[in-house]
*Asks:* 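Have a look at the structure that comes next, please.
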Amino acid sequence: MCGIVGYIGKEQKALETIISGLEALEYRGYDSAGIAYLNNNHIDIIKKKGRIDQLKKQLDFKIKSKLAIGHTRWATHGEANEINAHPHKCGQVTIVHNGIIENYIELKQKLENKGYQFKSQTDTEIACALIDYLYQKEKNILKAIQTASHKLHGSYALGIIVDNDNSLYAIRKASPLIVAVKDGEKFIASDVPAILKYTNEYYLLEDGDIVNLTEDNLTFYNNDLEKIEHEKMIFEGNIESGKKNGYDHFMLKEINEQPKVILDTINFYFDGSLESLKKNLPNLNKYQNIHIVACGSAYHTGLVAKTLIEEIAGLPVMCEIASEYRYKRVFYNDKTLVIVISQSGETADTLASLRKAKDDHIDTLAIVNVVGSSIAREADCTLYIKAGCEIAVATTKAYTAQLSILSLIAIKLACIHQQIDKKRFETIVKEIKNLPNMMTSLINNKQYHDIALKIYQREDIFYLGRKIDYAMSMEGSLKLKEISYINSVAYAAGELKHGTISLVEDKTPIIAIITDDEIKNKTISNIKETKARGAYVILVSNYEEHDQYCDDNIVIPKIDPFIQPMLTIIPLQLLAYEVAKLKGCDIDKPRNLAKSVTVE
Ligand code: G6P
């Protein structure tokens, strides 16, 4: 979603710093971009629909400026165009905003009555006018921002500059914002990649905090405008995570990083002994049921975990999409554990679900990638995946890293409930050691491009699977539609004939997944039903023998069900990637999508 970058510095490199920062945030997803910068005591604003490249063409990089704010906008209120793009200026105040102001219509009326006129359809322009109005009244910008924060409902990270005031201000509530300092230069940004070129040290703002950055000082205030200190954070990843390193796309680079990522994640929590699981994962003894709540691919990892925990550990699991969970009547008790999963740690619906559980005094566990993110900070216990910075909008390595932690949780629960014996545990340990090599071989498999050639021009592609393979189908199908724009749906294999099989015609691609022996023959029967109607069947399975029911067969190694999904996903990711590449799609930045969904 929207990305914010702000700069103040003696080096007067505002334009290039803002642009390079916005480029580093491109992964968040956006459809217009803009910048406001101080130019000889005047604030110039330039905005463009489309990519940052369009904006760059309008900028004169020879201009020396010491103060600027920039923005990439993912349209919510009003279409993507220059007028709605940020920054917005009202009176003496110019702002960029990430989030949603829920009460903007009511505020708009009040401000119109005070004489403000609005050009855009955005909620942001209203917030800007409100701060200007309060500033005119109170003559104190900090007080104006503080008062505005009480009147604005919803979520916001705001970067603010004011005419004739050589300062940068920012405030956040339920939207991410970091602050960084490097020698004589200071920055605000929505996420760490924007500042990595300069420093890997940063500060996190708490909800309601206000920060004032000048050439010489950095001052944090709480919402009562008392000066406060913030602890410096160090970003663990490195600047290389922001580079493609020879790969055509970040997505491909991140797919290739998976063997290392799962090794790093698993090794962090598990040394092959049950003791390490006891020590490094939370105590799970008391829980009799689990709720898993997440969005998108993170929800799909939850579905995998649900199957593993229910089937093997024997514990009931409810897995729910966060945007549903937050508003529904939920039945839990003091033996319930709510697990929220989120790569970014900022997904609005997942955060709201976490807060709902906490308000009801239910124990919460978060599985998160981004250190210090809202979900990570608010959950009772947080387990970090070790995926590093993920740039491609379509998640791959974070998904697999989430799977790896969830597998460890499932194994731990199975041990607690005495559902697996020592021999199986030892086999899993051996297989985990070999997992990165198996993943690498699968990544290097040469079949994907040839198979993609046969299906990339089709309009509909279906995925089939039962139980855990159905959960994998859902992620495979999501990957494909996200980046290739092909209509794709995943079905529980037995469900297809209750309607959707009517869509199967000559050469309709069906990607079928079979890794679970128990239901293998059932899924094969369903595949045959599609084949009899002309389908082109691509089978992803962990067994060798196959006959007339499939046209292409990708064989993956057969390993314990606890860890099998980390292999099953590889062909699905790479098929989607190859199809999107053949179609010439913008793989790392698919249209309309945002990586970090900070609004509901
Ligand atoms: C967006 C992303 C997905 C991600 C989902 C949940 O839709 O494009 O890749 O799975 O949000 O995000 P989270 O950060 O909570 O995992």
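Note that this is a predicted model, so its numbers are computed, not measured. Order of listing sets the numbers, starting from 1, for every ligand and every atom in it. All values below come from the heavy atoms of this structure, side chains included, with hydrogens, waters and symmetry mates left out.
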*Asks:* I'd like to check the side chain to side chain contact (heavy atoms under 4.5 Å, CB included) partners of P565; sequence neighbours left out, ordered by chain and number.
*Replies:*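 In terms of side chain to side chain contact (heavy atoms under 4.5 Å, CB included), with neighbours along the sequence ignored, P565 is linked to V304, L403, I468, M472.
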*Asks:* Are S477 and Y491 close enough that some pair of their side-chain heavy atoms sits under 4.5 Å apart?
*Replies:*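 No - every pair of side-chain heavy atoms lies 4.5 Å or more apart.
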*Asks:* Just jot down the side chain to side chain contact (heavy atoms under 4.5 Å, CB included) partners of P282, sequence neighbours excluded, or say none.
*Replies:*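 Once residues adjacent in sequence are excluded, the partners of P282 under the side chain to side chain contact (heavy atoms under 4.5 Å, CB included) criterion are L284, L365, C381, L383.
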*Asks:* Side chains of Y463 and L478: closer than 4.5 Å at any heavy-atom pair?
*Replies:*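 No, every pair of side-chain atoms sits at 4.5 Å or beyond.
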*Asks:* Does K48 pair with D53 as a salt bridge, N-O distance under 4.0 Å?
*Replies:*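 A salt bridge is absent here (no side-chain N lies under 4.0 Å from a carboxylate O).
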*Asks:* Ligand 1: which residues have a non-hydrogen atom closer than 4.0 Å?
*Replies:*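 Residue list for ligand 1: C295, G296, S297, A298, S342, Q343, S344, T347, V393, T395, E482, A594, K595, V597.
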*Asks:* Go through the structure and list residues passing side chain to side chain contact (heavy atoms under 4.5 Å, CB included) with L582, not counting sequence neighbours.
*Replies:*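 So L582 forms a side chain to side chain contact (heavy atoms under 4.5 Å, CB included) with H449, A452, L453, Y456.
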